[in-house]
K.L.:
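Got a structure for you, written out below as structure tokens; questions coming shortly.
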Number of protein chains: 4
Amino acid sequence: MHNDPIIQAKQTRSQQTQDKLLQALSDCLKEQFFEHISVAQITERAGVSVGTFYRRFKNKEALLPFLYQNFGIKLDKWVQKMERNTKDSLNEQVAYLVEKMTKFLQENAGIFRTLHLNARLYPEILPTSKLNERSAEYNRISAILMLHPDEINHQCAKTACDMAIFVLISNLIEKILYRELTPALASPISINDNTEQITLMMQSYLTANNLGKK
Amino acid sequence: MHNDPIIQAKQTRSQQTQDKLLQALSDCLKEQFFEHISVAQITERAGVSVGTFYRRFKNKEALLPFLYQNFGIKLDKWVQKMERNTKDSLNEQVAYLVEKMTKFLQENAGIFRTLHLNARLYPEILPTSKLNERSAEYNRISAILMLHPDEINHQCAKTACDMAIFVLISNLIEKILYRELTPALASPISINDNTEQITLMMQSYLTANNLGKK
Amino acid sequence: MHNDPIIQAKQTRSQQTQDKLLQALSDCLKEQFFEHISVAQITERAGVSVGTFYRRFKNKEALLPFLYQNFGIKLDKWVQKMERNTKDSLNEQVAYLVEKMTKFLQENAGIFRTLHLNARLYPEILPTSKLNERSAEYNRISAILMLHPDEINHQCAKTACDMAIFVLISNLIEKILYRELTPALASPISINDNTEQITLMMQSYLTANNLGKK
Amino acid sequence: MHNDPIIQAKQTRSQQTQDKLLQALSDCLKEQFFEHISVAQITERAGVSVGTFYRRFKNKEALLPFLYQNFGIKLDKWVQKMERNTKDSLNEQVAYLVEKMTKFLQENAGIFRTLHLNARLYPEILPTSKLNERSAEYNRISAILMLHPDEINHQCAKTACDMAIFVLISNLIEKILYRELTPALASPISINDNTEQITLMMQSYLTANNLGKK
DNA sequence: GATGAATGAGTCTTCATTCAT
DNA sequence: TATGAATGAAGACTCATTCAT
């Protein structure tokens, strides 16, 4: 006769449906692109009726913010993990970051691809605030490199770290998320080589070695 | 009453229709994404009937290879120009390449974006052979850097050049084509800084300076 | 622990719910047509759940008879008022009736329009018995004119009075309820002129002047 | 090998479809109200596909103007007929008009009901210009009565004729189009009596007999 | 009883593709 | 051969009604 289980159950029912729908969308996204997924498909996969879908969400697009939000949590956790596992030297830190980020992208390729492409197809439906939050996380990753300021040989260490992170991410997006397409495909570098070389490139860039320029 | 002129005329007419349709598609692509363009729209813009469209092309997707082909010609010309304008030192060569490629992408952002996204949305409709041709062009760009072998301080100069080019392209795709989106947006590097820094990074990477690593 | 108060309370509560729903429907009808009002809208406005609605009423249409009934009470009161305020001469009586009826329609245009249109859109859901009751009220209005039998110059005074009332009502429906639509709109008669002229017409018709007929 | 038949055929095909759809709507309207008719119903009845419907008309509502237009032509013809068949005396003229108009409404009750109700349900979709045209036709009918100015005993003959016509139309709308509903139902006047009495009323009103008032 | 979540039939609408002319 | 009318499958969305809690 306790209230809690009942309330819990009530909350859960509603929430369960929403979760089922989000999960169904995630599943569908592994096979096809958002645009090609119909509401009927999602609801069928979720085991609910279309009406139920429209009771929760205004339309298919309304699901995306939740996807972004869920992803944000995942991303935050990952960054936290990186922040807890710092390395003693810059070079080690860079190597570790490249390795872990590669793995992170590989393991979440489906969701990453979706969000990456959606952002490009529907820039308007992304709430600006969310984007800013990503910016915060990029900063935090950059800050991890900044833990080794004396090893960074650069006019502006901050800029260098930001740039290194940005280059790394751009590189991994193409190499990991779209490895079977141009430009990744056109480039004869294997994934393993890519990991090694991008590490090397970041290290070269960040450390003293830029004396050569002028 | 000679056959030739008539056939000629027919071929020409046929060709004209095809060109008109391709042009119409290109025009439409400036305003909306391929997916959202209907056959009716294309034919209306081209001034031909839908029936005529289906006489020439199996479906809308069948237009894309032609678009890729046209782009291939453009790309080839650009690479040729790069091949003709080589620099004396590796560092100069890198700086020149970064500058020109940035400009090339900026000037053709529309078509680049379309092809880049289409490739990601419809990987299946890209004929493999076309991709290989791209691969050839990537190779040629890489080869330009290889003109300075003694300046490249690397186990495998070829790998290093390929990698440098691939990183450059990935970087420019995000920074130039999607500058208002994550990750470009989340990164605080300006476009000018990006040009400068990516040059620096490639130079650091390619030249001797990797002594620091170990 | 007496039953009465509880039952009373229950009945009251039940009745309250019903009243709330009827009131909600009335409110909605001021803004949109019955057809376009959803059960969800009504219940939301009434502050009850849809389930509760369906416990009370078979469906949305089942609300209408209650609306008609409420209106019947209003109408009855108005007729009673007319019956209490009779005039000495037929002409005066007609003028008074026209004036008051015009005002009555103007003041209740919303509900009149609704019932008038609903009756036309859903003739089947009007319980016949209710209609007969209207018939009774029409008769009572007609009877008011019949209070001046000697002034009515007609083969059948009853027929003449019934006819006069019917013509008056038809005229006011179009002129008052739908004054911005055809036929009212197409007719260049102003509302004031209409009041005056319909009075005149009824008087002409009812009084001696039908000598012309044969 | 004449062009005409072919062109004719082409024009006809397109036109035929449109006519079929309009006819189908008309047929459906005999059984149910516009609002309750689905596009699928109309196209099925017309023997064409839904796609064909949407090629001609933006949506269901887009059919209405055509219905109005067709009706306008019919109405115009009827008015012309009335204009050609004038009577020698006002009384005869009134009687003739009442008789013919009653018949006209009876024969076109379906379409009249539809237009009358639609105007009330969707006042916004009626192009104002069309309404004005009706106004012209009302004027023409009124003008027929005005052919007997010396028989009309009224301050303003024009006003009297307009009023008479408006009252007649209002009366017939309720009595003919909605004879089984309030107020027509509530009034004990038969249709035959109504014809006779409305004639009488108009005659009384228009002719000298208004001396009695004061 | 009351609640409101879930259902699913029904409607509108689009658009790729076919086919009569 | 070119045209554009016709087709119909497919998808989005609504809402009256039911039913588990």
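In what follows, chains are A, B, ... by sequence order, proteins preceding strands, each numbered from 1. Bear in mind the structure is a predicted one, so any value in this text is a computation, not a measurement.
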K.L.:
Rounding to a whole Å, what distance do you find between A/Phe53:CZ and F/dC13:P?
P.N.:
8 Å
K.L.:
Grab the CD-C1' distance between B/Gln18 and F/dA2 for me, whole Å please.
P.N.:
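To the nearest whole Å, that distance equals 17 Å.
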K.L.:
Tell me, please, which residues at least two apart from C/Glu31 pass side-chain contact (heavy atoms from CB on, under 4.5 Å).
P.N.:
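In terms of side-chain contact (heavy atoms from CB on, under 4.5 Å), with neighbours along the sequence ignored, C/Glu31 is linked to C/Arg45.
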K.L.:
Which residues satisfy the ring-ring contact (aromatic ring centres under 6.0 Å, His included) test with A/Phe57, sequence neighbours excluded?
P.N.:
A/Phe53, A/Phe66
K.L.:
OP1 or OP2 of E/dA2 versus the side-chain N and O atoms of C/Arg55: is any pair under 4.0 Å?
P.N.:
yes
K.L.:
Determine which bases of DNA chain F form Watson-Crick or G-U wobble pairs with both distances under 3.5 Å, and write the result as a 5' to 3' dot-bracket string with | for other-strand partners.
P.N.:
.||||||||||||||||||||
K.L.:
Which residues pass the ring-ring contact (aromatic ring centres under 6.0 Å, His included) test with D/Phe33, not counting sequence neighbours?
P.N.:
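Partners of D/Phe33 by the ring-ring contact (aromatic ring centres under 6.0 Å, His included) criterion come out as none, since no residue qualifies.
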K.L.:
Does a nitrogen or oxygen in the side chain of B/Arg56 sit under 4.0 Å from OP1 or OP2 of F/dA2?
P.N.:
yes
K.L.:
Distance check needed: E/dA2 P versus C/Leu21 CG, whole Å only.
P.N.:
11 Å
K.L.:
Can you give one letter per nucleotide of nucleotides 12-19 of chain E, going 5' to 3': B for a protein heavy atom under 4.0 Å from the base, S for sugar-phosphate only, - for none?
P.N.:
SBBBSBB-
K.L.:
A/Tyr178 vs A/His116 aromatic rings, parallel, tilted or perpendicular, using cut-offs 30° and 60°?
P.N.:
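Tilted.
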K.L.:
Can you name the side chain to side chain donor-acceptor pair (under 3.5 Å) partners of B/Gln41, sequence neighbours left out?
P.N.:
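Applying side chain to side chain donor-acceptor pair (under 3.5 Å) to B/Gln41 gives B/Gln32.
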K.L.:
What is the distance, to the nearest angstrom, from the CZ atom on D/Phe57 to the C1' atom on F/dA5?
P.N.:
14 Å
K.L.:
Just jot down the side chain to side chain donor-acceptor pair (under 3.5 Å) partners of D/Gln23, sequence neighbours excluded, or say none.
P.N.:
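Testing D/Gln23 for side chain to side chain donor-acceptor pair (under 3.5 Å), a comparison that skips the adjacent residues, returns D/Asp27.
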K.L.:
Could you check how far CD of A/Glu44 sits from P of F/dA12, rounded to whole Å?
P.N.:
13 Å
K.L.:
Among E/dG8, F/dT3, F/dA6, which is the nearest nucleotide to the side chain of B/Ser49?
P.N.:
F/dT3
K.L.:
What residues form a side-chain contact (heavy atoms from CB on, under 4.5 Å) with D/Ala46, not counting sequence neighbours?
P.N.:
D/Lys20, D/Leu21, D/Ala24, D/Val48
K.L.:
Rounded to the Å, how far apart are C/Leu63 CG and F/dA16 C1'?
P.N.:
13 Å
K.L.:
Can you sort out the partners of B/Asp19 under side-chain contact (heavy atoms from CB on, under 4.5 Å), two or more places apart, ordered by chain and number?
P.N.:
B/Gln15
